Amino acid sequence: MEMELKEFTIEKTIIGPITIVFQDSDNVLIKNIILSTPDLKSKEIAYKSYDNLDSVSFSHLNKRIKKLVLDIQDYLNGKDFKFSLDNFDFSGCSPFEREVLNAEYNTKRGSVNTYGELAKEIGHPKAYRAVGNALRKNPFPIVIPCHRTIKKDRTIGGFNGYQGGIESKEILLSLENVEVQQKKVISESPVISLNKKAQKKLDIDN
DNA sequence: TGAAATGGGCTG
DNA sequence: CAGCCCATTTCA
């Protein structure tokens, strides 16, 4: 018996439509946040990825999903924001992937870090490529702010699973006042990585 | 710029 | 388990 999934799409955002896929039981479970790509709108991707998906109008949304929608809109309107992770379903993620996503979650708006730093932070200093793989599979972009991770040479790297997504990555970074030109972060200040605790850890390592 | 290193996850 | 895929990095 397949579990029935619902979908709500925020149609107009600065990075195009955003679709939230969730399981609408008494304890709602957020399964996936899908961004649009230049080729495909998020809703099409959603219906391609999941069978038995039902659309829900905003007024009929579960309270928790409503809050997530409003939070995403606030965030995209420039509010400094840390999302609640309540009701997000990480069961599809490996322990390593969870570590990566957790470290990313703890980064701050307006800061950037590198794949290598994230790897070091979670105690696998040479697994920078694996970190990229984990971020590629990030089920909850925006909420887990994977757009803040860039390459060591300060070019912005990949996003949203394929190269076309870097457009959105650039928009999200500039939304956080991180300056990007020619696919490269050009802020004068050094790359600020992770939160305070993580930064301390890194300092000890260096 | 290109090759090689690198490690987690996925497929057969 | 082997072999391949990668949103990286480093070095010549």
Side-chain angles (χ1 to χ4, degrees), chain A residues 13-16 18-19 21 31-42 45-46 48-50 72 75-76 83 88-176 178-187 190-195 198-199 201-203 205-206:
Chain A
T13 83
I14 49 169
I15 55 171
I18 297 175
T19 298
V21 177
K31 308 287 278 187
N32 202 355
I33 294 175
I34 303 173
L35 305 186
S36 296
T37 68
D39 302 339
L40 233 40
K41 293 190 173 186
S42 58
I45 300 173
K48 214 172 257 194
S49 314
Y50 298 93
I72 288 173
Y75 169 80
L76 294 176
F83 291 88
F88 280 84
D89 182 11
F90 287 91
S91 64
C93 303
S94 71
F96 177 85
E97 287 162 354
R98 289 183 207 204
E99 294 259 23
V100 172
L101 297 177
N102 183 56
E104 189 73 281
Y105 177 67
N106 287 318
T107 60
K108 288 186 191 156
R109 187 187 190 100
S111 69
V112 285
N113 59 63
T114 69
Y115 297 94
E117 286 171 329
L118 217 43
K120 195 189 278 190
E121 156 66 10
I122 65 169
H124 299 245
K126 293 185 178 168
Y128 28 78
R129 293 212 68 184
V131 164
N133 286 335
L135 293 184
R136 178 167 50 89
K137 288 164 51 183
N138 177 12
F140 309 116
I142 311 273
V143 170
I144 308 285
C146 59
H147 55 277
R148 293 181 191 151
T149 299
I150 63 175
K151 287 194 176 191
K152 184 146 198 189
D153 67 2
R154 292 192 159 213
T155 55
I156 61 179
F159 189 65
N160 208 4
Y162 87 119
Q163 282 303 307
I166 56 180
E167 204 64 31
S168 297
K169 187 167 186 173
E170 199 169 327
I171 293 170
L172 291 173
L173 283 171
S174 49
L175 178 73
E176 301 190 356
V178 173
E179 270 194 282
V180 180
Q181 267 178 31
Q182 320 280 50
K183 309 284 174 246
K184 198 163 184 172
V185 171
I186 56 154
S187 313
V191 170
I192 310 159
S193 47
L194 314 176
N195 58 14
Q199 185 62 56
K201 211 173 182 182
L202 289 174
D203 290 344
D205 288 349
N206 289 341

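Basis for what follows: all heavy atoms, side chains included, without hydrogens, waters or symmetry-related copies. Keep in mind that this is a model prediction, so the values were computed, not measured. Naming: A, B, ... by sequence-line order, numbering from 1 per chain.
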In whole angstroms, the gap separating P of C/dT8 from CG of A/Asn113 amounts to 14 Å
A/Lys151 NZ to C/dT10 C1', in whole Å, measures 12 Å
Contact check, residues 93-102 of chain A vs DNA chain B, heavy-atom distance under 4.0 Å, returns A/Ser94, A/Phe96, A/Glu97
Does A/Lys169 make a side-chain N or O approach to OP1 or OP2 of C/dA7 shorter than 4.0 Å? no
Testing B/dT6, C/dT10, B/dG8 for proximity to the side chain of A/Lys126, the answer is B/dT6
Paired to B/dG12 by Watson-Crick or G-U wobble criteria (both distances under 3.5 Å) is C/dC1
Whole-Å distance, A/Lys183 NZ to C/dT8 P, equals 15 Å
Inset, instruction - Starting from the C-alpha separation in whole Å, work towards a yes-or-no answer on side-chain hydrogen bond (donor to acceptor under 3.5 Å, both in side chains) for A/Glu176 and A/His147. - result: CA-CA 10 Å; A/Glu176 301 190 356; A/His147 55 277; 2.9 Å; yes
The reported gap from CG in A/Leu101 to SG in A/Cys146 (rounded to nearest 0.5 angstrom) is 8.5 Å
Separation of C/dT8 atom P from A/Arg136 atom CZ, nearest Å, is 9 Å
Would you say C/dT8 has OP1 or OP2 under 4.0 Å from some side-chain N or O of A/Lys152?
-> no
Taken to the nearest whole Å, CG/A/Leu173 to C1'/C/dA7 is 13 Å
Sorted by number, residues from residues 128-135 of chain A placing a heavy atom under 4.0 Å from DNA chain B are A/Arg129, A/Ala130, A/Asn133
For B/dA3, the nucleotide meeting Watson-Crick or G-U wobble distances (both under 3.5 Å) is C/dT10
**Report entry** Lys/Arg N to Asp/Glu carboxylate O, A/Glu170 vs A/Lys183, below 4.0 Å
**Finding:** yes
task: Look at A/His124 and B/dG7 and indicate whether a side-chain polar atom (N or O) is within less than 4.0 Å of OP1 or OP2.
output: no
Quiz item: Aromatic rings A/Tyr75 and A/Phe83: how do their planes relate, parallel, tilted or perpendicular, breaks at 30° and 60°?
Solution: tilted
Checklist line | Heavy-atom side-chain contact between A/Leu40 and A/Lys48 under 4.5 Å | finding: yes
In whole angstroms, the gap separating C1' of C/dT8 from CD1 of A/Ile156 amounts to 15 Å
Rounded to whole Å, the CZ-P distance (A/Phe140 to C/dA7) equals 20 Å
**Asked** Backbone N or O of A/Gly116 within a donor-acceptor pair of the A/Lys152 side chain at under 3.5 Å?
**Response** no
Kindly determine whether A/Asp39 and A/Thr37 satisfy side-chain hydrogen bond (donor to acceptor under 3.5 Å, both in side chains), including the steps that lead there.
-> CA-CA 5 Å; A/Asp39 302 339; A/Thr37 68; 5.0 Å; no
Has A/Lys41 got more than 12 heavy atoms of other residues, nucleotides or ligands less than 6.0 Å from its NZ? no
A/Asn113 (side chain) donor-acceptor with A/Thr107 (main chain) under 3.5 angstrom: no
